[in-house]
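This is a predicted model, so every value here is computed, not measured.
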Amino acid sequence: MTSVVGTLPTLTAAKFRRDTVADIQQRLDRAGEEMSTGRKSDVHAALGLRSGELLSVRSSAASNENFLTGNRLLANKMEMMATAMSGVRGTLQDFLEIAIANRGTPGPTVQQVAQSARAAYDQVVSQLNVTYQGAHLFSGTESGRVPLQSWGQADADTNLAPRDVLAGIVAPGLVDAADASTKLGEVAQVFSSTTGGPEDFEASFFNGTPLLDGGGDPSPRLTARIDEATVMTYGVQANDPPFARALQGLAMLASVDPATVSDAGAYEIWVDAAIEGVLTGIDGIRDAETLLGTQQRTLDETITRQEDRGDVYERHIGVLEGVDAYEAATRVTQLSTQLEAAY
């Protein structure tokens with residue numbers, strides 16, 4: 001009986017020592033983890049009632065980061081749009097250096113005008129058919145569709161190329177001033193997207209979102225929510241009036257070679273209207289670039305605010321989740337000493 005009674009305290013003491021060693025070892029492991037990661041090993045247990053605060057801050061930080069990621073992509077997209085529009089304006093201005101010398105009467109470079117107009121037309125089409133991450137930037141909401149047909153490319157639905165549409169109007173050429181005026185009106189109607197037939201600009205030239213919907217109301221433009229309270233409308237389309245007017249001017253000179261127009265009145269009306277269309281297009285494109293630049297500045301300011309806000313969230317999370325490196329190292333040292341003593 002005496003041996004049994006004497007053994008129980010010994011077993012209890014041994015178990016206590018094992019539990020003590022295990023507890024110290026567990027705390028030492030946690031302290032070592034915190035020293036290496038800089039974070040509390042059990043954040044919610046350490047914060048207690050402040051765990052809800054951490055969840056709220058993390059949720060806000062995640063939302064802010066989502067907006068920031070989307071806005072950075074949008075900023076890149078808008079920069080590509082701005083570059084493309086600047087390129088279009090440059091192409092038109094380069095063309096005018098040749099065409100403007102032949103305004104009113106044929107000049108020394110009149111033989112180059114028609115060929116230059118065709119080349120400029122296709123170059124503008126190529127510049128406006130630019131894509132970003134697989135989406136066409138100037139097709140409107142129908143970004144999966146290539147916005148413009150090149151001069152000789154037939155539309156899949158109408159089987160007409162821009163060249164064919166213009167040829168159907170101007171062939172066999174300009175007879176006199178009255179004939180030029182009549183044909184100029186027909187061409188203007190095509191590029192105003194009001195004919196509703198296969199020769200319509202939005203039928204055989206442009207494949208994206210129409211300017212007007214079926215009810216005659218403006219079609220929705222591309223939009224992006226850049227923060228909780230702001231939705232930005234930023235879409236520029238290749239069928240917007242400035243681009244259509246510029247393309248009309250190029251198409252007129254590509255379809256009727258000014259060098260072949262013998263009637264002075266017809267020449268003056270046709271060439272002057274075509275050049276005026278290109279000039280009007282350049283002015284409109286410049287206005288569109290200015291508006292886009294304003295939107296880019298707004299977006300840049302939003303991104304800056306969100307980056308600053310993200311830094312604040314990170315610091316707040318660091319305060320809630322982080323541990324003092326010196327304090328963690330001190331605990332590791334103390335617990336190591338305790339563990340050695342317990343052993």
Electrostatic pair [X]:[Y] at N-O distance under 4.0 angstrom:
{"X": "D283", "Y": "R286", "value": "yes"}
{"X": "E307", "Y": "R72", "value": "yes"}
{"X": "D240", "Y": "R221", "value": "yes"}
{"X": "E186", "Y": "K183", "value": "no"}

Does the plane of the ring in F243 sit parallel, tilted or perpendicular to the ring in F138? Use 30° and 60° as the thresholds.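 Perpendicular, since the angle between the ring planes exceeds 60°.
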Checking salt bridge (Lys or Arg N to Asp or Glu O under 4.0 Å) for the pair R118/D122: CA distance, chi angles, key distance, verdict? CA-CA 6 Å; R118 285 192 292 271; D122 279 343; over 6 Å; no
Look up atom [atom1] in [X] and atom [atom2] in [Y], then write down how far apart they are to the nearest 0.5 Å.
{"X": "N239", "Y": "S219", "atom1": "CG", "atom2": "OG", "value": "8.5 Å"}
{"X": "L291", "Y": "D287", "atom1": "CG", "atom2": "CG", "value": "9.0 Å"}
{"X": "L222", "Y": "E142", "atom1": "CG", "atom2": "CD", "value": "10.5 Å"}

Within 6.0 Å of [atom1] in [X], more than 12 heavy atoms from elsewhere:
{"X": "Q93", "atom1": "CD", "answer": "yes"}
{"X": "N159", "atom1": "CG", "answer": "no"}
{"X": "E268", "atom1": "CD", "answer": "no"}

Is there side-chain contact between [X] and [Y], with heavy atoms separated by less than 4.5 Å?
{"X": "T230", "Y": "T302", "answer": "no"}
{"X": "W151", "Y": "D164", "answer": "no"}
{"X": "L174", "Y": "Y267", "answer": "no"}
{"X": "Y234", "Y": "L299", "answer": "no"}
{"X": "M85", "Y": "Q127", "answer": "no"}

Any side-chain donor near an acceptor of the partner, [X] and [Y], under 3.5 Å:
{"X": "D257", "Y": "T260", "answer": "no"}
{"X": "T141", "Y": "T209", "answer": "yes"}
{"X": "S139", "Y": "N207", "answer": "no"}
{"X": "Q306", "Y": "D227", "answer": "no"}

Testing the basics here: between S204 and P162, what is the closest heavy-atom pair and its distance to 0.1 Å?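 Distance-wise, the nearest heavy atoms are O-CD, 3.9 Å.
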How far apart are the closest heavy atoms of F191 and L166, and which atoms are they?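 Minimum heavy-atom separation between F191 and L166: CE1-CD2, 4.1 Å.
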Stepwise salt bridge (Lys or Arg N to Asp or Glu O under 4.0 Å) test for E314 and R58: CA-CA 9 Å; E314 285 301 313; R58 278 203 166 277; 5.9 Å; no
May I ask you to decide if F205's main-chain N or O and D155's side chain share a donor-acceptor pair within less than 3.5 Å? no
